[in-house]
Amino acid sequence: MEPVSEKITLDNQLADWYFSNRDLLMSSSSSVFNSVRPAAMESFRKLGIPDASFENYKSTNIPKIFLSPLNRYIEEKKILFSVDDLFHCDIPELDTELVLIVNGWFYENRPRLQVLPGGMIVGSMAEAARQYPDLIKAHYSKYADYEKDGLVALNTAFAQDGTFIYVPRGAGSDRAVQIVNVLLSPEDLFVQHRNLVIVEEGATARVVVCDHSLSARQFLTNSVTEIYLGPNAHLDYVKLQNENDNCNQISTSFVHQERASDAIFNTITLHGGMIRNNVYTCLNGEGASNQTLGLSLVDETQHIDSYTFVDHAAPNCTSNQNFKYILDDKATAAFTGRILVQPNAQKTLAYQTNNNILMTSDARVSTKPQLEIYADDVKCSHGATVGQLDPMAIFYLQSRGISVREARLLLMYAFGHEILGKISVEPLRERLSDLVDKRLRGELSRCNSCPLHCQETC
Amino acid sequence: MLSIRNLKATINGREILKGINLEVKEGEVHAIMGPNGSGKSTLASVLAGRDLFTVTGGEVLFQGSPLLGLTPEVRARAGIFLGFQYPVEIPGVSMTSFMRTAINEQRKYRGLPEMSATDFLKLMRDKKALMEIDSALASRSVNEGFSGGEKKKNEIFQMAMLEPKLAILDETDSGLDIDALKTVATGVNRLRRPDNAMIVITHYQRLLDYIVPDFVHVLSGGRIVKSGDKSLAYELEEKGYDWIKEENEA
Ligand SMILES: Nc1ncnc2c1ncn2[C@@H]1O[C@H](COP(=O)(O)OP(=O)(O)OP(=O)(O)O)[C@@H](O)[C@H]1O
Ligand SMILES: [Mg+2]
């Protein structure tokens, strides 16, 4: 089959799936989702699954990962398992508010929606849309633009559940919210979830997201997360991707920041198949600051593709994009970092770096900065490096009795440390540093080789 | 302890060491002097196991066993230490984790258990004091942003931590101010024992006032062209290297 007609067939199949399930979708969801669905579907039919003809998707063959036959469900298929078992599987166990999402659906090991001391609300997105339609409506689909990206359109057309976090004005606790996205199924599965994080004026939130697979099946996740930060709000968001190598993932996040808010959005990728991460940031109010960071350790035939877009829409904002990749074996990676400085965004500071270490001559990385600057009083910089570990440094370490293996580990760990060091929750930083160290040592379970055989529970 | 016999080495096909002979016994300090580019650092690197150089002839015995087939880390664990002429900066690796890894790798090799955190920190503290090393320096990344003199002191600090049998110090005195030179020399002298040995590469007789050598060798054009006692260093200081070259040509 021709690639073009393959894509048309794929797009049609997904559209058909929508139309044949539209009634079920509509009747089972809140009007907040339903009111946007038709327009999102219309947009999807125009855009389809992005192939290489889309400028932003040249580095990753997205249609290909949609082509393998995966099961898709509009209704939740209940899966039971022991929550305690989770933490044997290299998911950091932290003192957090734990929200469990299984195959995109809220898992009822806690109330579907909970108001915590201080007024924070945490739980299921579907439930939140039912209970707080006005609150959701003010933000839902306001930042995630389904008219530009077919994957966002697809997610919006089918949106049903995911995680909801709301931190009201001035509130916030030191306790982090941990979202564990679990993939667990006896069959290959396509999963979409839709998440919303609202941090109102002066509020503080810490969110840790752990993506994890517990079955050795093939999964494809297409998730969309919208994040709103009101004036002076603070957010520390860390996403840990640790799925087995049969799991492909497209994760698209939109971070909307108002005046003097500040956000760290940090993605740590340890395992996975083909991963595409999109992070769109809009600095919409004066004096906002944002750090979009990433550390990816990929090997074998893994592929990681990060796309970041920082839109400086207001003056005096600061942004820093810093992505680091370590590639082994035949792994491939891409980084595209776009910075847009709008005409009124004077005194913008915008930085971008992408540093890569290739452990083999078969590993490949491509890096592409895109700067569009329409204001004159700005400071922007970008830089990228691709290199090997410094042989002189390895010899120096060896000359003190350290083996080559240990020397390489020290250097790789040091390389990643800059990103890990930005994690503000100390126990989390330590746990993640440990996981990265284990990953570098090849001791981190790939789940399908996990000694606990969690998959037998389903 | 160390016997070097007719050692030859090349880099990119160019012969740098053209037949070195040197015998170092326990308790001895040997100084190697010689013009720039004569091969002093090359000799040190070859002894430490840098694979940039190809050994094309000769042999080296360390404590009776052949050395040249061993990897750099195995040589280090066997007790060879190289104080680098140009210590390497390693951003992101703290001095502490560097030294802890080195010590534990060496202990593992000797069949000893890992050093406990408290013992390790105490050792660090003692050796820092010995070398008059600023505490802040030890909490930074290896050599990163260290001044020239700080880097050299840091080499001797590492030597103090690892207590090698044979230390090869390549121009450890270059770039040191007078006080630092004394500190380094004192540190080195305290590490001298009847059962270990040192090869000190230097351009300046001044260092040898502090670290008094048993032998002084002149390396020139890839060969040891003259050996003597410490008075040779004074003679070199006074006359330069030309008279040796002339003497050899005659
Ligand atoms: N990495 C290298 N690549 C090419 N040539 C090299 C390399 N390292 C050393 N050499 C050459 O080998 C020769 C000996 O160098 P070496 O560094 O051993 O001299 P040295 O006696 O230590 O000099 P100095 O007193 O200046 O430190 C020089 O001609 C030098 O250019
Ligand atoms: Mg030299």
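Reminder, nothing fancy here: chain letters follow the sequence lines and each chain counts from 1.
Taking all atoms of both residues into account, the shortest heavy-atom contact from A/Ala414 to B/Pro91 is CB-O, 3.5 Å. When every heavy atom of B/Ser97 is checked against every heavy atom of A/Leu410, the shortest pair comes out as OG-CD2, 4.3 Å. Pairing each heavy atom of B/Leu82 with each of A/Phe395, the nearest pair is CD2-CE2, 4.4 Å. When every heavy atom of B/Ala76 is checked against every heavy atom of A/Ser399, the shortest pair comes out as CB-O, 3.3 Å.
The one candidate from A/Ile394, A/Asp390, A/Leu411 that meets the side-chain contact (heavy atoms from CB on, under 4.5 Å) condition with B/Ile90 is A/Leu411.
Under the 4.5 Å side-chain criterion, counting only non-hydrogen atoms from C-beta, B/Arg50 is not in contact with A/Gln398. Looking at heavy atoms from C-beta onward, A/Leu397 lies out of side-chain contact with B/Thr101 at the 4.5 angstrom threshold.
Sparse packing is recorded around CD of B/Glu114, with 12 or fewer heavy atoms of other residues, nucleotides or ligands lying under 6.0 Å away. Crowding of A/His417 atom NE2: a count of heavy atoms from other residues, nucleotides or ligands under 6.0 Å not exceeding 12. With a 6.0 Å radius and a threshold of 12 heavy atoms from other residues, nucleotides or ligands, B/Lys128 has its NZ atom above the threshold.
Comparing B/Pro164, B/Pro72, B/Gly92, B/Ser94 by heavy-atom pairs within less than 4.5 Å of chain A, the highest count is held by B/Pro72.
Residue B/Ile103: no heavy atom, backbone or side chain, is found under 4.5 Å from chain A. With a 4.5 angstrom heavy-atom cutoff, B/Val142 touches chain A only via side-chain atoms. Neither the backbone nor the side chain of B/Asn104 comes within contact range of chain A, judged by heavy atoms closer than 4.5 Å.
Here A/Arg400 contributes atom CZ and B/Met161 contributes atom CE; the two are 12.0 Å apart, rounded to the nearest 0.5 Å. We find the CD1-CE distance between A/Ile402 and B/Met99 to be 6.5 Å, quoted to the nearest 0.5 Å. Taking CD from B/Glu89 and OH from A/Tyr396, the interatomic distance works out to 10.0 Å, rounded to the nearest 0.5 Å.
Side-chain contact, A/Ser403 with B/Glu105: a donor N or O sits under 3.5 Å from an acceptor N or O.
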